[in-house]
There are 2 protein chains.
Amino acid sequence: MKKRIIAFRSDCPISTALDIFGDKWSLLIIRDIMFKGLNTYGDLLKGGEGIATNILADRLVLLECAGIISKAKHPDSKAKVLYQLTPKGADLAPILVEIIAWSEKHHKVHPEAIAFANEIEKDKAAVLTQIYSRL
Amino acid sequence: MKKRIIAFRSDCPISTALDIFGDKWSLLIIRDIMFKGLNTYGDLLKGGEGIATNILADRLVLLECAGIISKAKHPDSKAKVLYQLTPKGADLAPILVEIIAWSEKHHKVHPEAIAFANEIEKDKAAVLTQIYSRL
DNA sequence: TATTGAACTTGCAAATTACAAGTAATTTTT
DNA sequence: AAAAATTACTTGTAATTTGCAAGTTCAATA
């Protein structure tokens, strides 16, 4: 595991969080692992919005250093690496859920997201329980 | 009001949200307005983590374009501008609350934040009601 | 054994950020 | 009333980060 120093600007919890995942890509990687079940480098690369290969590599190292994801042996092949969320990473679920709810309320998003947002509104705890059970 | 085009990478709700506030500073500005009651350019500049003046100006324009904050006349002086959250901006509160809870659980943060995180854990709805009532 | 696939790395141009200084319109002080 | 200080920015430039294309290494398949 590569080591990377994360510089924290202050001891404010919001600032601390943003020092870890406050950029345009990190939470999308976490989304892909958490909701789309993507867990190899190649899948994450093709994942969605077209992340550059060097940026993906950089963020994976960073997220691993932050204890949000971990690398494991892939059951199918030695050439593959399995990326998965740690408990700390799984604990980001409530944040993502609130982001989804906010976006759905204030922006046009895709139909599936609307359905998911409705589920959240009905019973947020149940949605979170379901997410955690999958991880 | 200046116009700025925000490029959306996809219609995913998380991606959409990150296209608006997915950077190291935007949510800190929102935090300062929401929780610290800072509402002038100068106050936000001295706000906390040392944002650069051009970046602050840039983000304020962006957040206004996104409908998250609005500019108003300051009651004290014509030289001042009052920045405040719109309802859309206030709706970011649950996201910030979850971020605070996550950081407090997984990182060392300042004592006040711990107290706030405990309040959140006890009764999240009450905390949110209180935040909304202040806005 | 040769080709493909997976997970990266490297090099460089383009964009963004940070720092320092400057400007214009008030407001306060003298 | 004139001078000094505030307030909200803008501008210039260096440093950092990002994005794109190509290359490398090891493993798996033909």
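We name chains A, B, ... by the order of the sequence lines, and we start the count at 1 in each one.
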### Query
Heavy atoms, side chains only, cut-off 4.5 Å: are A/Leu63 and A/Tyr83 in contact?
no
### Query
Between atom CG of A/Leu96 and atom CG of A/Asp91, what is the distance when rounded to the nearest 0.5 Å?
11.5 Å
Please tabulate, one pair per line, each protein N/O and nucleotide N/O from nucleotides 22-24 of chain C that are separated by under 3.5 Å, including the distance.
none

### Query
Just how far is it from atom CG of A/Asn39 to atom NZ of A/Lys80, taken to the nearest 0.5 Å?
9.0 Å
### Query
With a 4.5 Å limit on heavy-atom distance, are the side chains of B/Glu104 and A/Pro13 in contact?
no
### Query
Are side-chain heavy atoms of B/Leu92 and B/Phe21 found at a separation under 4.5 Å?
yes
What donor-acceptor contacts under 3.5 angstrom involve side-chain atoms of residues 125-135 of chain B, with partners at least two apart or in another chain?
residue	atom	partner	partner atom	Å
B/Thr129	OG1	B/Ala125	O	2.8
B/Ser133	OG	B/Gln130	O	2.7

Check the interface with nucleotides 28-30 of chain C: list each N/O to N/O pair with the protein under 3.5 Å, or write none.
none

### Task
Check B/Arg31 against A/Cys12 and note the closest heavy-atom contact, atom names and distance.
NH1-SG, 3.0 Å
### Summary
The side-chain contact (heavy atoms from CB on, under 4.5 Å) partners of B/Ala72 (sequence neighbours excluded) come to B/Leu82, B/Gln84
#### Entry: DNA chain D: 5'-most and 3'-most nucleotides touching chain A, 4.0 angstrom heavy-atom criterion
D/dT18 to D/dA28
### Task
Could you tell me the separation between the NE2 atom of A/His110 and the OG1 atom of B/Thr16, rounded to the nearest 0.5 Å?
9.0 Å
Between side-chain atoms of residues 55-62 of chain B and protein atoms elsewhere (two or more places apart, or another chain), which donor-acceptor pairs fall under 3.5 Å?
residue	atom	partner	partner atom	Å
B/Asp58	OD1	B/Arg4	NH1	3.0
B/Asp58	OD1	B/Arg4	NH2	3.0
B/Arg59	NH1	B/Asp23	OD2	3.1

### Task
Please check the phosphate of C/dC8 (OP1 and OP2 only) for any side-chain N or O of A/Tyr83 closer than 4.0 Å.
yes
### Euclidean distance, atom NZ of residue A/Lys78 to atom P of C/dC8 [Å, nearest integer]
16 Å
### Message
With clusters defined by side-chain heavy atoms of hydrophobic residues (ILVMFWY) lying less than 4.5 Å apart, directly or transitively, does B/Met1 cluster with B/Leu44?
### Response
no
#### Entry: For DNA chain D, the residues among residues 35-55 of chain B that have a non-hydrogen atom under 4.0 Å from it
B/Thr40, B/Tyr41, B/Gly42, B/Thr53, B/Asn54
### Query
Mind checking whether B/Val109 and A/Ile20 sit in one hydrophobic cluster, side chains of I, L, V, M, F, W, Y counted as touching below 4.5 Å?
no
#### Entry: Residues within residues 1-28 of chain A bordering DNA chain D, heavy-atom distance below 4.0 Å
A/Trp25
### Query
Do any pairs count as a ring-ring contact (aromatic ring centres under 6.0 Å, His included) and have a residue in residues 42-78 of chain B, sequence neighbours left out, and if so which ones?
none
### Query
If you pin A/Arg59 and B/His74 to their nearest nucleotides in DNA chain D, which one's is more 5'?
B/His74
### Message
Does B/Lys36, at its NZ atom, have more than 12 non-hydrogen atoms belonging to other residues, nucleotides or ligands within less than 6.0 Å?
### Response
yes
### Message
Using a 6.0 Å cut-off, check whether atom NZ of B/Lys108 has over 12 heavy atoms from anything other than its own residue.
### Response
no
### Task
Tell me, please, which residues at least two apart from A/Tyr41 pass ring pair (Phe, Tyr, Trp, His ring centres under 6.0 Å).
none
### Message
Near DNA chain D, counting only heavy atoms under 4.0 Å, which residues of residues 63-71 of chain B show up?
### Response
B/Lys71
### Message
A side-chain contact here means heavy atoms from C-beta on lying under 4.5 Å apart; do A/Leu18 and A/Arg9 qualify?
### Response
yes
### Message
So, using ring pair (Phe, Tyr, Trp, His ring centres under 6.0 Å) as the criterion, who are the partners of A/His107 when residues are at least two apart?
### Response
A/Trp102, B/Phe8
